[in-house]
*Asks:* 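Attaching a single structure in structure tokens format; questions to follow.
Each chain gets a letter, A, B and so on, in the order its sequence line appears, and its residues count up from 1. Heavy atoms only: backbone and side chains are in, while hydrogens, waters and symmetry mates are out.
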Amino acid sequence: MNEKIVLIDGHSILNRAFYGVPDLTNSEGLHTNAIFGFLNILFKILDEEKPEYLTVTFDVHAPTFRHEMYADYKGTRKPMAEELRQQVPVIKEVLEAMQIEIVEQAGLEADDLLGTISRTCEEKGMEVSIISGDRDTLQLATEHVKIRIPRTKQGRTEVTDYYAADVKEAYGVTPTEFIDVKALMGDASDNIPGVPGVGEKTATKIIQEYGSIENAYAHAAEIKPPRASKNLQEYWDQACMSKTLATIDTRAEIGFDLEQARFGNPYTKEAHDYFQRLQFKNLLSRFDVEADTNAVEDHFQEVTDTGLLERIFEEAKKSAAVGIAVSEDGGNVLPLFAHASGYGRIAVCYGEEQIYSIPCDMDMDMGYLFGKLCEVADAVERFVMFDLKKYLPELPITRREHCFDATVAAYLLNPLKNDYGYEDVAREQLHLLINEKADASMRACYEAYTAYKAAEPLTVKLKSAGMYDLFTEIEMPLLFTLYEMEQAGVKIEGEALKVYGDQLGARILELEKEIYELAGETFNINSPKQLGVVLFQHMGLTGGKKTKTGFSTAADVLEKLAPDYPVVAKILEYRQLAKLKSTYADGLANFIGSDGRIHGKFHQTITATGRLSSTDPNLQNIPIRMELGRLIRKVFVPKEGCVFVDADYSQIELRILAHCSGDAQLIQAYREAQDIHRTTASQVFHVPFEEVTDLQRRNAKAVNFGIVYGISSFGLSQDLSITRKEAAQYIENYFDTYPGVKQFLDEQVAHAKKNGYVVTLFGRRRPVPELKSSNFMQRSFGERVAMNAPIQGTAADVIKIAMIGVARELKEKGLKSKLILQVHDELLIEAYEEELEQVKAILQEQMEQAADLQVPLIVDMHTGKNWYEAK
DNA sequence: CCTTTCACG
DNA sequence: ACGTACGTGAAAGGC
């Protein structure tokens, strides 16, 4: 294997990282997101490539960035954002600390440095990888020079690789011809004029045909679009100049010493210090060197003495606040003492110097320790834990109002994160970095300490964000309601589910045979890749669409083909049945517990908008739209002596929109209990109410949905299979009809742009960082999010309030009936037959009174002996 | 581990 | 010109 060098286009990658990674700041207030993103890409590349040599190039004194992402308008150059500018010298220092060679040379652009180094190395017989966000570098690709372009997609970094052949495949031209294409089309962000009237399409076509601008010029007379032909001749000088500008210099005079670039050990003490200062916790784990210890560790104490333990619990009870952690790792505890729960240790903290880790043993088993914790919980003012719901089975706490779940609090403060572990909270609220080397005992202490210590700053921040009431009055009480729902579970007719699955299986086998017959070959129908090849290559079907990796075989594509090709119709049916069997019939069966019930989990800290989510299994996406799928609901049954009562809000999101926007028309329509879609159709299509056709009503319904999603003409046109123009007209008519709605939606976007977040009726915040993006697509997404989140989020708030109310009323009235499921706008209760009327009254009352809106909240309710009947 | 597809509100 | 509707989770295939 040849030796390998990795060349990194420093500014370009830093730039990508800056816009791809959400804003990060260390405790000194230094922005670190670009550095963090850069290092992540660097490590990813290093892990993949394991090169012998590594060099990072920078432009010297780059006054501006010229990357296309910066050029909002043609020909303009934005100065570098201050938040980015301040990170440039830091990344250089970090790289230096990591003993990584940096090359910069006055008067030379990074491209020329990359080009020259890569040419030099290739000529020495080396393999070269160039990491750049700038597609201009594609011209450098050869058989031995690979251009790697990272894209940051939803926090993940993906790298696309281009050897010369890949450039040809992606752009239809060779890397060398790529220069000529650019010379013709120009590049506004690089101040390359190109030839007027020649865009990417035309330029590529010309170069594909003639290979170079020179040859094209020689055959100018025969060039296809007359405009291009004329302009190429008229602007020939400009084209030549453009080509010079577009050509990366691979023979620049630079002082490059390969040995200087040899890649050694980047994990130096100096680098470690930088990473610590920048608070890159995850990256720190790459260092073997000893981390500095936090002073607080001096007060960590492992407790094995029963007498001391008693004193600790007594003191804890007298404290205002305690932080608790529960851990699975009990250290050396003999399996004999292990608790059925799987936990082996707790930690308790009730002061700066009172931090105790307690492994269970013979005298202090987990049952005993949990019992003591409960006493503490009921005695103190504030009982703080992370992920409290998880531990409630072992902690039957009675004074719930004293509980504080730091995970939930951290979620409210930023619902966009993926997790809310104590390490993150310690870093963000306490500026405390957890020692990577800490053992189970110390980690438990850290967690308990963080819980104890972070409750205050979390409270302060919740209050100043106007979310403290949301936290104490909705989220914390809901936590217990969700726990009770999980405990209750839902009964499943296991036998019936199996029969259903077997029937699906039989039909799937038939379809499989028929499909193979029609296709003339056997293949894995479940593989979109294989399916695409069979349909669109072997069978030669036309009308297929693209995805990144091949042919799209999504339902909407196949549905268009189904009328013409029997095999496609069969594939669609196969897909539907395979989904039902794998995900629902077989999938659900795996979750039936020994009590014959499924105890799915409800998650409170997942969604960006405040909705719940459901896993293990997901009980919020049980089929209903198609009859065959809907039949699954027959296996969801109430226990002996019970019936199901299912209640769902009628159009809760549109009603919330009516209330929040204050639109007079919409409010009136709901107060008069009008058919809202018909009313909308009548107004939008300018027809009398009575004459609205079914199609018009359907279309109006789509418009109403679109409004809630943050409408765009493109999205609506897609949904209704109409032109964008028509969709835009519908939207315009809609906004003419409901001007208050238009104003409200505009206000949400404006608020989000100004403040960085939007707010629900109950104060819940949804940050919208996408609005700051210089990328059009991301910004548009941000606008839709800003319009949707207050509505979806308020609906989530409302049903949460209703859930708490329903659970409370059931309990207060001494009823045995239980709330068992929530599906966003729907609640399901397993009701004892003798309690049925009371249950219905409670559901109706609590759901409809959950929020006091300018329009009525209407609840539709059904009962049945299974979920199918109750909907 | 990521992508595609598809189930729900 | 850009290429999407908002919010989720699970299964399967394939790198």
Side-chain angles (χ1 to χ4, degrees), chain A residues 68-69 71-74 153-154 156-158 188 199-201 415 523-532 546-558 572 575-584 586-588 590-591 600-603 606-626 629-630 632-633 648-649 651-653 702-703 705-720 724 727 731 766 774-793 795-796 799 821-826:
Chain A
E68 71 271 13
M69 285 177 77
D72 262 3
Y73 304 101
K74 295 201 168 193
K153 216 169 84 176
Q154 269 141 22
R156 286 229 119 63
T157 310
E158 271 175 45
E200 186 181 358
K201 290 274 149 57
F523 61 101
N524 189 340
I525 309 169
N526 284 320
S527 162
K529 191 175 171 183
Q530 293 183 35
L531 179 59
K546 32 51 221 165
T547 65
K548 271 119 208 161
T549 54
F551 302 102
S552 170
T553 66
D556 59 336
V557 175
L558 297 189
L572 283 167
R575 275 254 181 91
Q576 198 193 350
L577 301 197
K579 174 92 176 179
L580 290 175
K581 179 157 166 60
S582 69
T583 305
Y584 298 103
D586 300 347
L588 287 176
N590 288 329
F591 286 97
K601 295 185 201 155
F602 287 102
H603 303 278
I606 299 294
T607 71
T609 53
R611 274 190 178 179
L612 300 177
S613 90
S614 162
T615 66
D616 308 305
N618 182 351
L619 295 171
Q620 292 182 318
N621 73 344
I622 304 301
I624 191 166
R625 294 173 190 170
M626 295 291 183
R630 190 174 195 152
I632 292 199
R633 293 180 173 234
D648 69 287
Y649 282 113
Q651 298 169 344
I652 185 169
E653 291 184 336
V703 176
F705 266 99
I707 294 292
V708 171
Y709 291 156
I711 199 148
S712 77
S713 57
F714 187 93
L716 183 64
S717 70
Q718 197 76 4
D719 191 54
L720 290 180
R724 234 177 115 162
I731 294 168
R766 191 321 187 180
S774 60
N775 177 292
F776 172 86
M777 202 196 76
Q778 286 214 16
R779 224 171 33 239
S780 305
F781 175 73
E783 289 170 4
R784 294 194 295 271
V785 160
M787 294 187 259
N788 169 264
I791 304 171
Q792 189 184 123
I799 197 161
L821 294 180
Q822 186 254 42
V823 193
H824 307 308
D825 66 350
E826 168 192 0

*Asks:* Could you tell me whether the side chain of A/Arg784 has a donor or acceptor atom within less than 3.5 Å of a complementary atom in the base of C/dT4?
*Replies:* yes
*Asks:* Counting any heavy atom closer than 4.0 Å, what does A/Arg766 reach on the DNA or RNA strands: base, sugar-phosphate only, or nothing?
*Replies:* sugar-phosphate
*Asks:* Atom CG of A/Asp616 to atom C1' of C/dT8: distance rounded to whole Å?
*Replies:* 14 Å
*Asks:* Using whole Å, what does the distance between atom C1' of nucleotide B/dC6 and atom CD1 of A/Ile632 come to?
*Replies:* 13 Å
*Asks:* Mind checking what makes side-chain hydrogen bond (donor to acceptor under 3.5 Å, both in side chains) contact with A/Gln576, not counting sequence neighbours?
*Replies:* none
*Asks:* Of the nucleotides C/dA11, B/dC6, C/dG7, which one has an atom closest to the side chain of A/Phe781?
*Replies:* C/dG7
*Asks:* Atom CZ of A/Phe705 and atom P of B/dG9: how far apart are they, to the nearest Å?
*Replies:* 9 Å
*Asks:* With A/Lys601, which residues qualify under salt bridge (charged side-chain N to carboxylate O under 4.0 Å, His left out), at least two apart?
*Replies:* A/Asp616
*Asks:* For A/Phe551, check ring pair (Phe, Tyr, Trp, His ring centres under 6.0 Å) against everything at least two apart and list the hits.
*Replies:* A/Phe536
*Asks:* Sequence neighbours left out, what passes ring pair (Phe, Tyr, Trp, His ring centres under 6.0 Å) with A/Phe523? Give chain and number order.
*Replies:* A/Tyr516
*Asks:* With sequence neighbours left out, write down each residue that passes salt bridge (charged side-chain N to carboxylate O under 4.0 Å, His left out) with A/Arg766, or none if nothing qualifies.
*Replies:* none
*Asks:* Where each pair must be Watson-Crick or G-U wobble with both distances under 3.5 Å, what dot-bracket representation of DNA chain C is obtained, with crossing pairs in [ ] and other-strand partners as |?
*Replies:* .....|||||||||.
*Asks:* With sequence neighbours left out, write down each residue that passes salt bridge (charged side-chain N to carboxylate O under 4.0 Å, His left out) with A/Asp586, or none if nothing qualifies.
*Replies:* A/Lys581
*Asks:* Just to verify, what does A/Thr615 make a side-chain hydrogen bond (donor to acceptor under 3.5 Å, both in side chains) with, not counting sequence neighbours?
*Replies:* A/His603
*Asks:* Using the P atom on both, measure B/dT3 against C/dT4 and round to a whole Å.
*Replies:* 14 Å
*Asks:* Tell me, please, which residues at least two apart from A/Arg575 pass side-chain hydrogen bond (donor to acceptor under 3.5 Å, both in side chains).
*Replies:* A/Thr553
*Asks:* Looking only at the side chain of A/Asn526 (C-beta and beyond, no hydrogens), which of the listed nucleotides C/dT4, C/dC15, C/dG13 gets closest?
*Replies:* C/dG13
*Asks:* Heavy atom of residues 606-614 of chain A under 4.0 Å from DNA chain B: which residues?
*Replies:* A/Arg611
*Asks:* Below 4.0 angstrom, which residues in residues 618-625 of chain A have at least one non-hydrogen atom near DNA chain B?
*Replies:* A/Gln620, A/Asn621, A/Ile622, A/Pro623, A/Ile624, A/Arg625
*Asks:* Test of understanding: with side-chain hydrogen bond (donor to acceptor under 3.5 Å, both in side chains), list the residues that count as partners of A/Tyr584, not counting sequence neighbours.
*Replies:* A/Asn621
*Asks:* Without decimals, in angstroms, what is the distance between A/Asn788 CG and C/dC6 C1'?
*Replies:* 4 Å
*Asks:* What's the CD1-P distance between A/Ile652 and B/dG9, to the nearest Å?
*Replies:* 14 Å
*Asks:* In this structure, how many angstroms lie between the C1' atom of C/dG13 and the CZ atom of A/Arg575, rounded?
*Replies:* 12 Å
